[in-house]
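Working notes for the structure below.
Below, each value reflects all heavy atoms present in this structure, side chains not excepted, and no hydrogens, waters or symmetry copies. These numbers come from a predicted model, not from an experiment.
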Amino acid sequence: MSRGAAFFRILCAVLLSCTAAARLSAQQDSYADAAAQLPADITFWSTHPDEQLARALVGRMSDEEILAQIFMFGWAGAEPESLLFQWVGGRGLGSVKVFGWNTDDIKLVAKSIAALQKSAAGRAFKIPLFVATDQEGGWIRHVKGETAVTPGNMAIGAAGYPADAWYSGYYICREIKALGINMNFAPTVDLFTNQDSTIIGTRSFGENPEKAGILGGAFAAGSSAAGVIPTAKHFPGHGDTDSDSHINLPVIDIDFGTFRSRELVPFEYLIREKIPAVMSGHLAFPQIDPTGAPASLSKYFLTELLRGQMGYDGLIITDDMMMNGDTLYAGSLSSAFRMAIEAGNDIVISSTTARLNEALWTNNLALIRSDPAFKARVQDAAYRVIRAKLAYFKGGNSAPLYPDPDAIGRSIPDRDGRRFFLEQACRSITVYKQTALPLSAESAGKVLFAGALPEFFTEGRKRYPNSIEFRFSYELGPNETEWMRDNILNTASACDTVIFCVSSARSAQIAQKLRGTGKRVVILSIMSPANAFGLDWADEILLGYSWSGYTFAALFGALGGEFQTNGTMPFTAR
């Protein structure tokens with residue numbers, strides 16, 4: 001390299017460094033200037049423009065407060081422990097998450113949320129909490145109790161109506177809003193590309209990127225109409241892997257052309273529709289980011305691609321950082337938190353409440369104080385969080401800060417939602433194979449019901465009372481599977497028709513023993529239809545996509561000819 005070229009490169013590096021330093025200084029000055037322009041007693045509820053007030057609040061917050069504002073913690077047990085209240089009231093934690101282990105008693109959920117919001121309101125700036133959960137519909141339903149068990153996304157994809165997606169988001173969120181939950185980690189717009197996937201499966205709308213974007217956008221719009229913030233996940237797409245990021249880091253080895261024309265399409269659609277939040281996934285795409293970093297920890301994916309190239313300006317939220325998909329790469333939870341912040345996430349989630357002196361807090365707080373660039377990134381994240389809170393809580397349709405537990409019964413279960421979800425389930429039912437439908441009670445003769453879930457037997461007996469049962473576990477192990485395979489033929493010998501509920505690969509193995517018996521065999525497939533593809537020797541195969549009670553009612557209604565089925569399988573069978 002010539003002396004001139006070397007000098008030029010050094011000069012460019014110096015200029016870039018000076019430009020970056022100037023940009024950092026200007027950003028910090030903007031927060032300080034905004035703080036100086038407003039009265040000394042401002043709070044979150046002061047009547048100033050959102051942008052100005054958000055900047056002023058960040059400008060007046062301590063290092064501890066801006067860092068706490070971008071954390072979201074869950075809690076173990078039915079009620080939040082005192083440690084979480086220390087984080088909320090003592091440090092200004094910005095968000096909490098309700099997980100499935102907190103929610104059997106939904107009145108207690110409402111009571112807990114109200115108590116946490118009161119703790120947040122007791123701080124000087126009175127910034128309310130984002131309270132989030134995963135209420136996707138279908139089998140991902142973290143808030144339990146009397147909330148709806150819905151047919152889910154793949155059922156919506158099978159019917160193909162955006163209105164079904166809109167009303168699903170609406171009724172799901174109308175229920176959780178009554179509890180004080182204001183953010184939902186849905187819709188899932190991962191594609192059903194890998195049909196062996198058990199972590200995504202029927203959480204997907206299907207394999208078509210454009211349809212996933214349209215249905216996801218409709219679901220998000222219904223959620224917003226109900227008064228809950230929707231979150232598209234898992235960016236940039238979890239569909240082309242059968243690995244579970246809770247256990248390891250999935251590696252999706254596709255080229256950029258495939259990635260651009262497939263994985264990104266639903267997110268591009270949702271960005272055009274102004275989706276307010278996107279969840280980053282613990283997923284590696286080595287041909288896209290050669291570092292091998294999960295997208296949740298990758299500055300390329302979040303800052304350069306999502307923000308820069310795709311033009312997204314809403315919140316970026318990590319998936320749970322207590323998953324192996326990120327910590328195995330980062331080396332420690334503390335490092336994972338730091339990398340997540342540096343990559344461009346605005347909210348970092350831990351499913352458990354951290355101890356007050358954990359490294360994820362102390363190390364990152366020390367970095368704020370020693371590294372101006374890191375502090376600027378935390379300020380930017382806190383600003384985005386507060387700006388989003390101002391827009392939501394002052395928008396006129398927010399969830400109650402202090403829900404009344406005694407009023408929950410007026411909203412949950414949602415009566416209108418119950419009617420809708422049954423209709424939606426009926427629209428989703430897909431006939432994969434038929435020989436002589438409908439099946440009446442008379443033509444069925446004596447029926448053997450074989451399956452795992454109580455709703456299957458309940459709905460079946462309503463239409464085919466001359467019946468006996470063969471029950472097995474929903475989560476079948478290899479020994480039970482083999483025992484059931486050895487014994488089903490003896491039970492079926494006394495029957496004319498077997499109606500078998502296939503919910504997994506192992507339950508399909510049991511059903512295979514019925515081949516060639518001369519019995520009429522009806523397969524009612526729930527969850528992934530891929531489990532039923534090897535059973536095409538059966539007389540009838542109906543696809544339902546969910547273990548919801550509405551789905552079982554619809555499956556048996558379709559089997560009995562109570563309505564015309566129009567569902568179409570939302571992916572190509574392989």
Side-chain angles (χ1 to χ4, degrees), residues 138-139 149 151 202 422 425-426 429 431-529 531-532 534-562 565:
W139 62 282
V149 183
T202 56
L422 177 58
C426 292
I429 301 303
V431 177
Y432 184 71
K433 181 184 179 184
Q434 65 174 329
T435 54
L437 292 177
L439 177 65
S440 67
E442 292 75 20
S443 62
K446 190 170 185 179
V447 173
L448 171 64
F449 292 117
L453 297 172
E455 294 87 350
F456 166 70
F457 298 101
T458 300
E459 289 295 334
R461 285 193 300 269
K462 289 178 183 177
R463 295 164 177 85
Y464 306 99
N466 182 20
S467 61
I468 58 175
E469 299 176 358
F470 185 81
R471 293 180 180 249
F472 46 80
S473 301
Y474 185 77
E475 298 286 347
L476 282 160
N479 291 338
E480 184 183 3
T481 301
E482 192 60 34
W483 192 93
M484 293 296 171
R485 281 172 53 83
D486 291 343
N487 285 274
I488 191 169
L489 293 182
N490 183 56
T491 308
S493 63
C495 297
D496 305 296
T497 298
V498 180
I499 301 178
F500 197 107
C501 179
V502 169
S503 56
S504 65
R506 283 186 169 146
S507 61
Q509 291 173 19
I510 300 171
Q512 286 284 8
K513 290 291 287 187
L514 298 167
R515 184 173 188 171
T517 59
K519 306 295 180 182
R520 181 172 188 170
V521 177
V522 177
I523 301 296
L524 301 184
S525 171
I526 63 171
M527 304 306 293
S528 174
N531 296 318
L535 304 175
D536 52 4
W537 48 264
D539 298 282
E540 329 285 348
I541 302 177
L542 276 66
L543 310 179
Y545 312 102
S546 168
W547 46 259
S548 165
Y550 303 114
T551 297
F552 284 117
L555 281 167
F556 278 106
L559 185 61
E562 296 169 18
T565 57

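Taken to the nearest 0.5 Å, the CD1 atom of Ile523 stands 11.0 Å off from the CG atom of Asn531. From Asp539, atom CG reaches atom NZ of Lys519 across 12.5 Å, with rounding to the nearest 0.5 Å. A distance of 11.5 Å separates OG of Ser473 from CZ of Arg506, quoted to the nearest 0.5 Å. Note that the CZ atom of Phe472 and the CD atom of Glu480 stand 8.5 Å from one another [nearest 0.5 Å].
Applying the side-chain hydrogen bond (donor to acceptor under 3.5 Å, both in side chains) definition to pairs two or more places apart or across chains, those involving residues 443-472 are Ser440-Ser443, Glu459-Lys462, Glu459-Arg463, Arg461-Glu469, Arg463-Glu562, Glu469-Arg471. Evaluation of the side-chain hydrogen bond (donor to acceptor under 3.5 Å, both in side chains) test over residues 540-553, restricted to residues two or more places apart or in two chains, returns Arg418-Tyr550, Thr430-Tyr545, Thr435-Glu540, Arg520-Glu540. The stretch residues 481-505 participates, sequence neighbours left out, in these side-chain hydrogen bond (donor to acceptor under 3.5 Å, both in side chains) pairs: Ser504-Ser507.
Ala558 approaches Thr565 most closely through the heavy-atom pair CB-CG2, 3.4 Å. When all heavy atoms of Thr202 and Ser528 are compared, the closest pair comes out as CG2-N, 3.6 Å. Heavy-atom minimum distance, Leu422 versus Ala553: CD1-CB, 4.0 Å.
Here the side chains of Leu535 and Val521 are not in contact, with every heavy-atom distance at 4.5 Å or above. Side-chain contact between Phe500 and Ile488 is present, with heavy atoms from C-beta onward closer than 4.5 Å. Contact of the Leu555 side chain with the Ile526 side chain is registered, since non-hydrogen atoms from C-beta on lie closer than 4.5 Å. Contact of the Leu437 side chain with the Leu559 side chain is registered, since non-hydrogen atoms from C-beta on lie closer than 4.5 Å. Proximity of Leu514 to Leu489: side-chain heavy atoms (C-beta onward) are separated by under 4.5 Å at one or more points.
Panel note: side chain Lys433, backbone Ala538; a donor-acceptor pair is recorded below 3.5 Å.
Between Phe449 and Phe457, the ring-plane angle classifies as perpendicular under the 30° and 60° cut-offs.
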